[in-house]
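Below is one structure; the comments refer to it alone.
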There are 2 protein chains.
Amino acid sequence: MTHEFAPAAPTLEQVAALAGVSRSTVSRVVNNSPHVTNEAASAVLEAIETLGYVPNRAARSLASRKTQVIALVVPESTARVFADPFFASVVQGVALHLAQTEYTLNMVIASETNPDKTRRYLMGGNVDGALVVSHHRGDHSYARLSQTLPTVFGGRPMSAEERDSYFVDTDNVAGAVEATRHLLDLGCRSLATIAGPQDMPAGFDRLLGWRTTLIGAGLDSSLVEEGDFTPGQGAEAMRRLLDRGVPFDGLFVANDQMAVGALSVLRDCGIAVPDSLAVVGFDGDYFGQSSDPPLSTVAQPSTAMGAKMAEVLVDLLEGRPVERVTIMPTELIVRGSTRR
Amino acid sequence: MTHEFAPAAPTLEQVAALAGVSRSTVSRVVNNSPHVTNEAASAVLEAIETLGYVPNRAARSLASRKTQVIALVVPESTARVFADPFFASVVQGVALHLAQTEYTLNMVIASETNPDKTRRYLMGGNVDGALVVSHHRGDHSYARLSQTLPTVFGGRPMSAEERDSYFVDTDNVAGAVEATRHLLDLGCRSLATIAGPQDMPAGFDRLLGWRTTLIGAGLDSSLVEEGDFTPGQGAEAMRRLLDRGVPFDGLFVANDQMAVGALSVLRDCGIAVPDSLAVVGFDGDYFGQSSDPPLSTVAQPSTAMGAKMAEVLVDLLEGRPVERVTIMPTELIVRGSTRR
DNA sequence: ATGAAAGCGCTAACAC
DNA sequence: GTGTTAGCGCTTTCAT
């Protein structure tokens, strides 16, 4: 079965005719230029209304040499990205903020097998700016991109060369410190941690926060196992930690997904949380909300972070002054896993 | 701080000059028309390569009257949509499939306060087609849209007038029947269900499947409570079910998120799952994977559904024959919540 | 304040 | 097979 669809798109010219003015005037009204008499303007507005006119983006873009399109670049490997609630929230924030602007959101899955395709597309004048997100990764493989195209990253860059890129992040070190202190305040005296990948800023910084806090308190900081931020590896790391045979009464996990995996292992092993072991996660996503017990965590304002990324980029595009770095606050949320 | 970015976009004309041919020929090569000699073609290709030429989308679109853009319409209320793993997977499927085509994905959050804005945008010739998704909703408020713009919906339409729209769905009735049979096969003889909203196809059909199976088996089907597909309401519905004071040994919940909420209530009440009560959910998302106990569920191929939606729309746009209705298979996944 | 005119970069007949 | 010629619908000087 095939289908026929009627185009029926009124043009600026038709609006001009109906309003009895020139195309230029209509264009001025549409772009709300101040140099139009109220009469002319209202005549145009009325014509637009009755015709149901909508400016053609392509034509406008061609003439003005602006696309009004913002690309949301999602690294392919991170395409399961959507399986990550934190990431999904960031995307949501971006979309919600952009919906209030004149910009359109173009989701681009960067093919890693053919990175040039993506780069060409982005640099080919198809978009006005780019937002690069990849949970926890701090993946700035598109760092060079930012020299050509206004770009805002989610998460701080890992390498030094990219220090000058625009980005929005949370203070992972401070968040980890807060989580660790919380454990200490609870009376825990031997702590373990399940860290994230050390080649990712989020993984690195959270471990750093944990470690420095313990060292500052004169406690041991060698009970560390690493996972890749997924529940499965969180569970495995938990087992490895247990297998060490060293007792501990407090655990900081670098993200909620791994924490939930860890909790399931603890349940299987009959280790009571929080009574025998207090657990704190990071992110504040719904993984932790529905776990048993509910997970204490260091929440990040994920949706707000997405919105902020969009805001920074739009400001950049409109030539408004913007901070290169935006650090959003984290918040410790205490739930059952640390409430004795 | 402000920034300067260099455009530097080579045009088709420059390519033509360098290759020593006309613009038409370059255009033909770019659109791989067969009517070009190999020599000419390779000369053009070489020029394109050295110049790093990328066709300008706006110009191409304006001239060809095609945008190569597909809108992904997300109803605003469903913007927390991303909080729903099922939905997020569908989006992922869409994005992944489209990345392999010449089409670009334009995410549109439909503002419900100003629905016309969205409709105008979509009908204003800014996109070639639309994909409408909204988890469980079957929300075809954009049904009229499909008369003007090639549109594919996720989930079957609720109202009769829209019966002729294109959509991709799973057989919710059959899935519910399978889940209920599974409970019956386990030996359960008095079943309850937490249904979804009855104004949503997914909610309606799943209850229907459960009910007809019980009636067919000569069993009572009055133990029904309704929730809105969120974990919170799943928990509340569970409490109401328990408050009725009528004993039951099998429970079918219309989606995994509500099921997880129900499980937490059961845990609080000390009701053993699956020993005292077997529980089956629907969707197959990670909510159920990490619950305690892991949830048996009727899984939907969410990512594949998204990909299929994209595929159907693209076929429609390219004039290929397509089925108006695509029903994807569900699969019963047996986990701890029904394994005694 | 408003109109006329000249493109923006490309595709699509139409001739050759 | 290839070049020529018109536009696609809009913005933007530049006059007026």
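Letters A, B, ... are given to chains in the order of the sequence lines, protein chains preceding strands, and every chain is numbered from 1.
Using five terminal pairs a side, the axes of the helix from C:dA1-D:dT16 to C:dC16-D:dG1 at its two ends make an angle of 30°, given in steps of 10 degrees.
Shown here are the side chain to side chain contact (heavy atoms under 4.5 Å, CB included) partners of A:R23, two or more places apart in sequence or in another chain: A:L12, A:E13, A:A16. For B:A41, the side chain to side chain contact (heavy atoms under 4.5 Å, CB included) partners at least two apart in sequence or on another chain are B:V29, B:V36. Applying the side chain to side chain contact (heavy atoms under 4.5 Å, CB included) criterion to B:Q100, with sequence neighbours excluded, gives B:H97. Under the rule for a side chain to side chain contact (heavy atoms under 4.5 Å, CB included), the partners of B:A58 that lie at least two apart in sequence or sit in another chain are A:S61, A:L62, B:N56. Under the side-chain hydrogen bond (donor to acceptor under 3.5 Å, both in side chains) criterion, A:N126 pairs with no residue, sequence neighbours left out. With sequence neighbours excluded, the residues forming a side-chain hydrogen bond (donor to acceptor under 3.5 Å, both in side chains) with A:E318 are A:Y103, A:R320, listed by chain and number. In terms of the side-chain hydrogen bond (donor to acceptor under 3.5 Å, both in side chains) criterion, B:Y53 has no residue partners (sequence neighbours excluded).
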Would B:D128 and B:Q68 count as a side-chain contact (heavy atoms from CB on, under 4.5 Å) if you check the C-alpha gap in whole Å, the side-chain angles of each, and the deciding distance to 0.1 Å?
CA-CA 6 Å; B:D128 288 347; B:Q68 296 290 93; 4.0 Å; yes
Stepwise side-chain contact (heavy atoms from CB on, under 4.5 Å) test for B:V74 and B:V91
CA-CA 10 Å; B:V74 181; B:V91 174; 5.7 Å; no
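Residue pairs meeting the side chain to side chain donor-acceptor pair (under 3.5 Å) criterion with at least one member in residues 26-38 of chain A, sequence neighbours excluded, are A:S27-A:N31, A:N31-A:R60.
Of the residues in residues 37-58 of chain B, B:T37, B:A40 come within less than 4.0 Å of DNA chain D through at least one heavy atom, sorted by number.
When rounded to the nearest whole Å, the span between NE2 of B:H35 and P of D:dT2 equals 11 Å. Straight-line distance from the CG atom of B:N32 to the P atom of D:dG1: 15 Å, rounded to whole Å.
Counting 5' to 3', DNA chain C first comes under 4.0 angstrom of a heavy atom of chain A and last does so at the ends given by C:dA1 to C:dG9.
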Nucleotide N/O to protein N/O under 3.5 Å, stretch nucleotides 12-16 of chain D:
{"from": "D:dT12", "atom 1": "O4", "to": "A:S24", "atom 2": "OG", "distance (Å)": "3.4"}

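For the pair B:Q14/B:T11, a side-chain contact is recorded, criterion being any heavy-atom separation below 4.5 Å from C-beta on. Counting only heavy atoms from C-beta outward, the side chains of B:M107 and A:V94 never approach each other to under 4.5 Å.
The two atoms that bring A:F167 and A:G155 nearest to each other are CB-O, 3.6 Å, heavy atoms only.
Residue contacts shown for A:V30 are absent, as no nucleic acid heavy atom lies under 4.0 Å away.
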